[in-house]
Amino acid sequence: MTSDNDRRRGLLARLRGRPAARSRGRRRLGAAFRLIAALTLAGGAYTVFAPGVQAQENPPLTGAAAEGRALFDVSCVTCHGRNAQGVEGRGPSLIGVGAASVEFQVGSGRMPMARQEAQAMRKPPVFTDEQVRQLGQYIQELGGGPQVPQGNLREGANLATGGELFRINCSQCHAFGGGGGALSSGKYAPSLNPASDAQIYAAMLSGPQNMPVFGDNQITPEQKADIIAYIQETLKADQDQGGFNLGRYGPSTEGLAIFLVGIVALVFASLWIAGKS
């Protein structure tokens with residue numbers, strides 16, 4: 001009798017448990033279905049909206065920058081890569097160098113380089129001023145960076161202040177007369193004589209070759225104008241009142257010339273005195 005009651009109770013318990021098990025199964029199946037639906041919806045939304053997001057992150061180039069890109073793809077892509085990210089062993093990345101670097105390197109003919117050397121040499125420019133501006137605009141819009149201000153870069157300049165700043169910050173490499181000088185490992189500080197206002201300003205902003213970067217925090221735009229005015233109106237002017245300038249390399253050449261002239265004069269004076277005695 002007891003076993004029959006036990007069997008009945010077990011059967012009733014199993015019957016009661018089946019709906020609960022079915023309910024749990026339905027809940028799990030529903031959760032899986034909802035998860036799949038959410039993933040499908042998210043993927044579809046990304047597919048629809050991703051091109052719009054990419055278009056916002058990479059806005060179209062302006063007309064000048066588009067022209068610059070065409071020039072870049074012909075003359076610069078071999079060394080600097082399709083997106084100006086650089087090619088190892090050929091050329092550095094141009095992301096972040098700004099239009100100032102293009103103004104100096106391309107405007108002075110240093111780029112494109114004929115061959116890999118310790119330092120890019122100044123050459124007759126390959127591109128016109130307008131093409132240099134277009135290349136600079138492309139690099140500027142591509143990665144940003146410093147830019148040379150428009151207009152007169154010497155306006156309101158003070159020559160005396162410019163001379164003082166030049167002697168403190170520039171003469172160690174470019175010499176007191178701006179004639180340049182040798183550096184280590186085959187590099188050198190170039191002569192400032194052929195440099196334009198924009199190229200000098202761009203060099204201070206971009207720090208080409210071994211030159212340090214003189215940002216607006218180190219040398220203000222007003223002080224940059226003073227330095228440029230001093231270089232262009234004082235160093236390049238014909239103000240060698242003493243006669244032959246000996247290359248304007250400073251006291252080294254002057255001391256050597258005085259020593260050689262003095263020794264020769266003393267030798268001839270000694271011979272003359274000896275001949276008269």
Side-chain angles (χ1 to χ4, degrees), residues 80 84 86 91-111 113 117-122 125 129 132-133 135-137 139-237 248-250:
H80 295 290
S93 170
L94 301 180
I95 304 299
V97 302
S101 182
V102 178
E103 176 67 39
F104 177 82
Q105 299 287 2
V106 181
S108 65
R110 290 175 168 85
M111 295 290 163
M113 289 182 69
E117 296 180 285
Q119 183 167 320
M121 297 180 61
R122 188 183 185 100
D129 292 342
V132 172
R133 186 186 69 82
L135 278 169
Q137 186 65 28
I139 297 301
Q140 187 68 36
E141 294 186 16
L142 188 66
Q147 292 179 277
V148 177
Q150 300 297 317
N152 184 4
L153 298 177
R154 298 187 230 167
E155 186 174 1
N158 186 310
L159 291 178
T161 302
E164 182 179 357
L165 291 168
F166 180 87
R167 288 186 289 274
I168 293 173
N169 297 284
C170 315
S171 62
Q172 293 90 338
C173 296
H174 293 285
F176 284 90
L183 302 174
S184 61
S185 304
K187 299 179 181 180
Y188 58 91
S191 170
L192 300 177
N193 190 57
S196 66
D197 291 4
Q199 289 166 6
I200 297 172
Y201 202 110
M204 286 189 278
L205 286 179
S206 61
Q209 276 87 51
N210 277 4
M211 182 172 173
V213 175
F214 294 103
D216 290 343
N217 291 330
Q218 289 78 34
I219 298 179
T220 65
E222 293 77 15
Q223 291 174 329
K224 288 182 173 69
D226 295 339
I227 293 174
I228 292 172
Y230 174 75
I231 293 172
Q232 303 289 42
E233 299 176 24
T234 301
L235 293 186
K236 292 185 180 182
R248 291 186 177 178
Y249 289 115

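Residues take their numbers from the sequence shown, with the count starting at 1.
The closest donor-acceptor contact from the side chain of H80 to the backbone of P92 lies under 3.5 Å. In this structure, Q172 contributes its side chain and I168 its backbone to a donor-acceptor pair below 3.5 Å. At least one donor-acceptor pair under 3.5 Å links the side chain of Q119 to the backbone N or O of Y188. A distance-only check finds no donor-acceptor pair linking the side chain of Q147 to the backbone of Q140 [under 3.5 Å]. Not a single donor-acceptor pair under 3.5 Å links the side chain of D226 to the backbone N or O of L159. Under a 3.5 Å cut-off, the side chain of T220 and the backbone N or O of D216 do not form any donor-acceptor pair.
Annotation for P146 and G96: closest pair CD-O, 3.8 Å, computed over non-hydrogen atoms. Closest non-hydrogen pair, G107 versus P125, comes out as O-CG, 3.4 Å. Scanning both residues, E141 and Q137, for their nearest heavy atoms gives OE2-NE2, 2.7 Å. Here the closest non-hydrogen pair linking G136 and A99 is O-CB, 3.5 Å. Contact between L135 and V106 at its shortest, heavy atoms only, is CD1-CG1, 4.2 Å. The two residues L183 and C173 have their closest heavy-atom pair at CD2-SG, 4.3 Å.
Partners of E155 by salt bridge (Lys or Arg N to Asp or Glu O under 4.0 Å), not counting sequence neighbours: none found. Partners of R133 under the salt bridge (Lys or Arg N to Asp or Glu O under 4.0 Å) rule, at least two apart in sequence or in another chain, are E130. For D129, there are no salt bridge (Lys or Arg N to Asp or Glu O under 4.0 Å) partners, not counting sequence neighbours.
At a threshold of 4.5 Å between non-hydrogen side-chain atoms, the residues I231 and I228 do not count as touching.
Distance check, rounded to the nearest 0.5 Å: OG1 of T161 to CD1 of I227 gives 10.0 Å. Separation of atoms CD1 (I139) and CD (Q105) is listed at 12.0 Å; rounding is to 0.5 Å. One distance of note links CD of E222 with CG of L165; it measures 11.5 Å at 0.5 Å rounding.
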Under 3.5 Å, which donor-acceptor pairs do the side chains of residues 204-212 form with other protein atoms, sequence neighbours left out?
| unit_1 | atom_1 | unit_2 | atom_2 | d |
| --- | --- | --- | --- | --- |
| S206 | OG | A202 | O | 2.7 |
| N210 | OD1 | K187 | NZ | 3.4 |

Can you give each donor-acceptor pair under 3.5 Å made by side-chain atoms of residues 190-197, sequence neighbours left out, with the distance rounded to 0.1 Å?
| unit_1 | atom_1 | unit_2 | atom_2 | d |
| --- | --- | --- | --- | --- |
| S191 | OG | N193 | N | 3.2 |
| S196 | OG | Q199 | N | 3.3 |
| D197 | OD1 | R154 | NE | 3.4 |
| D197 | OD1 | R154 | NH2 | 3.4 |
| D197 | OD1 | Q232 | NE2 | 2.6 |
| D197 | OD2 | R154 | NE | 2.8 |
| D197 | OD2 | R154 | NH2 | 3.4 |

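No more than 12 heavy atoms of other residues, nucleotides or ligands lie within 6.0 Å of CD in Q150, so this atom counts as exposed by the packing criterion.
Residue pairs that meet the ring-ring contact (aromatic ring centres under 6.0 Å, His included) test with at least one member in residues 201-235, sequence neighbours left out, are F166-Y230.
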Requested in this report: Take L94 and V97, measure what side-chain contact (heavy atoms from CB on, under 4.5 Å) needs, and give me the verdict at the end.
Outcome: CA-CA 5 Å; L94 301 180; V97 302; 4.0 Å; yes
